[in-house]
Amino acid sequence: MSEHGHGHDEGHGGGGHAGHSHGVSADADRRWLGIGLALITTFMAVEVVVGVVARSLALISDAAHMLTDAASIVLALIAMRLAARPARGGFTYGLKRAEILSAQANGLSLLLLGAWLAYESVDRLIDPPEVKGGLMLVTALAGIVVNVAAAWCISKANRSSLNVEGAYQHILNDLFAFIGTAVAALIVVTTGFARADAIATLAVVVLMGKAGYGLLRDSGRIFLEAAPMNVDPDQLGSRLAAQPAVVEVHDLHIWQITSGQSALSAHVLVEQGGDCHVVRRDMDALLRDEYGITHTTLQVDHVTETLLQVARQGTGSGDAAHCAEPHGPVHRNEPHAR
């Protein structure tokens, strides 16, 4: 007996491909993202002008960081629309990985901007220009207010998306950067130490590098179809193999379709007399309730008598007992555990 179970809310039975409400979705509140985007872009334009007038690299670097924030929000809005489209044709998962593409672009832009700002800040440490600390201080304080408001708006949107969460984290980093810029401006005003501006810029560079690396790492794991970071495949395979009536679990694969949407497939062998339907339903419930995996494909078969005897002796499964040669680790239910 062979049974393919799909434990997600919108099943693929009968060849249909229904949309999922995971990751970047139409349920995210675009209005809040739009308000945050308007706040960021307006202040960014003002900050560039003030940064040039005040000759403050810290303000210009803050504006550059805000540019990446604005880009991440725009990409998230675009990805929401793409991800909301139903799966059709060759795109059997739809366009849900559009958000991952934009996350990689956003992470790369952060790293490139950070490298340029690092070079400029080192140059200014060596030969610091005159900085208008008063104008720099007023702008930084205004930036703190704008970033608090923008962060609050983004927090109201759907943060299960890697892009939306990335934009939220970027704005928080901007907030910290503006605080650093305000401190640097205060130092320039009170002591005349112009290098404080470049030092504040280096602090912004560190935040940009951290955010950029995080986005590239997380999106790269999804593209390489690695298991979610919060799921140990070996531990999960052992949990599934320990279920009642289960003899063995192999060909276990866990990956992410997009951020917040994990998928799993496995071949499950059930002992003679076991109910394949019950085993599949119990595994679906376990994966859904304890691991948050709702997109599952389980091939459930009865084990042959030969395989059952060999597995209980712990000497291997035998090639003739499998419908297909297993790939990767094999998880067995030890006799004493049952």
Taking every non-hydrogen atom, the tightest pair across I126 and R195: O-NH2, 3.7 Å
Test item: T41 side-chain N/O and A38 main-chain N/O as donor-acceptor pair under 3.5 Å: yes
Separation of Q256 CD from Q261 CD (nearest 0.5 Å): 9.5 Å
Rounded distance [0.5 Å steps], CD1 in I293 versus CG in L236: 5.5 Å
Over all atoms of both residues, closest heavy-atom pair of C153 and L39: SG-CD1, 4.4 Å
With T42 via side chain to side chain contact (heavy atoms under 4.5 Å, CB included) - residues at least two apart: none
Side-chain touch N147/F178, heavy atoms, less than 4.5 angstrom: yes
Linked, directly or transitively: L125 and I187 (ILVMFWY side chains, under 4.5 Å): yes
Taking every non-hydrogen atom, the tightest pair across L252 and P233: CD2-O, 3.7 Å
Side-chain touch S265/W255, heavy atoms, less than 4.5 angstrom: yes
Any side-chain heavy-atom pair of L286 and R239 under 4.5 Å: yes
Within-4.5 Å side-chain heavy-atom neighbours: D301 and V268: no
Neighbour count >12 (heavy atoms, 6.0 Å) for atom OH, Y213: no
Nearest heavy atoms of V205 and A118, plus distance in Å: CG2-N, 3.7 Å
hydrophobic_cluster_shared for L117 and I199, side chain cutoff 4.5 Å: no
From CG (L287) to CG (D282), nearest 0.5 Å: 11.0 Å
From V279, V300, L240, residue fulfilling side chain to side chain contact (heavy atoms under 4.5 Å, CB included) relative to V246: V279
V188 to A194 - nearest heavy-atom pair and separation: CG2-CA, 4.3 Å
Side chain to side chain contact (heavy atoms under 4.5 Å, CB included) between D218 and M229, worked out: CA-CA 9 Å; D218 293 343; M229 295 186 69; 4.1 Å; yes
I179/I144 under side chain to side chain contact (heavy atoms under 4.5 Å, CB included): CA gap, chis, key distance, verdict: CA-CA 7 Å; I179 293 173; I144 291 174; 3.9 Å; yes
Rounded distance (nearest 0.5 Å) linking atom CD of Q299 with atom CZ of R280: 13.0 Å
Intermediate values then yes/no, side chain to side chain contact (heavy atoms under 4.5 Å, CB included), Y291 and T296: CA-CA 12 Å; Y291 294 92; T296 61; over 6 Å; no
Path from V48 to V138 over hydrophobic side-chain contacts below 4.5 Å: no
Basic-acidic side-chain contact under 4.0 Å: D284, R288: no
Spatial distance of atom NE2 (H253) from atom CD (E225) [nearest 0.5 Å]: 10.0 Å
Co-membership, hydrophobic cluster, residues F43 and W152, 4.5 Å side-chain: yes
Derivation of the side chain to side chain contact (heavy atoms under 4.5 Å, CB included) call for V148 and L175: CA-CA 7 Å; V148 167; L175 176 60; 3.8 Å; yes
pair M208-L113: side-chain heavy atoms closer than 4.5 Å: yes
Any V249 side-chain heavy atom under 4.5 Å of H267 side chain: no
Check: D197 main-chain N/O paired with R124 side-chain donor or acceptor under 3.5 Å: no
Minimum-distance pair of heavy atoms, taken over all atoms of A150 and G36: CB-O, 4.3 Å
Beyond-backbone contact of L111 with L216, side-chain heavy atoms, under 4.5 angstrom: yes
Side chain to side chain contact (heavy atoms under 4.5 Å, CB included) partners of D232, counting only residues at least two apart: D234, Q235
Side-chain donor/acceptor of H302 to backbone N/O of G274, under 3.5 Å: yes
Joint cluster assignment, V50 & V189, ILVMFWY side-chain distance < 4.5 Å: no
Value rounded to 0.5 Å, distance of SG in C276 from CG in L298: 11.0 Å
Heavy-atom check, side chain of V74 versus side chain of I78, under 4.5 Å: yes
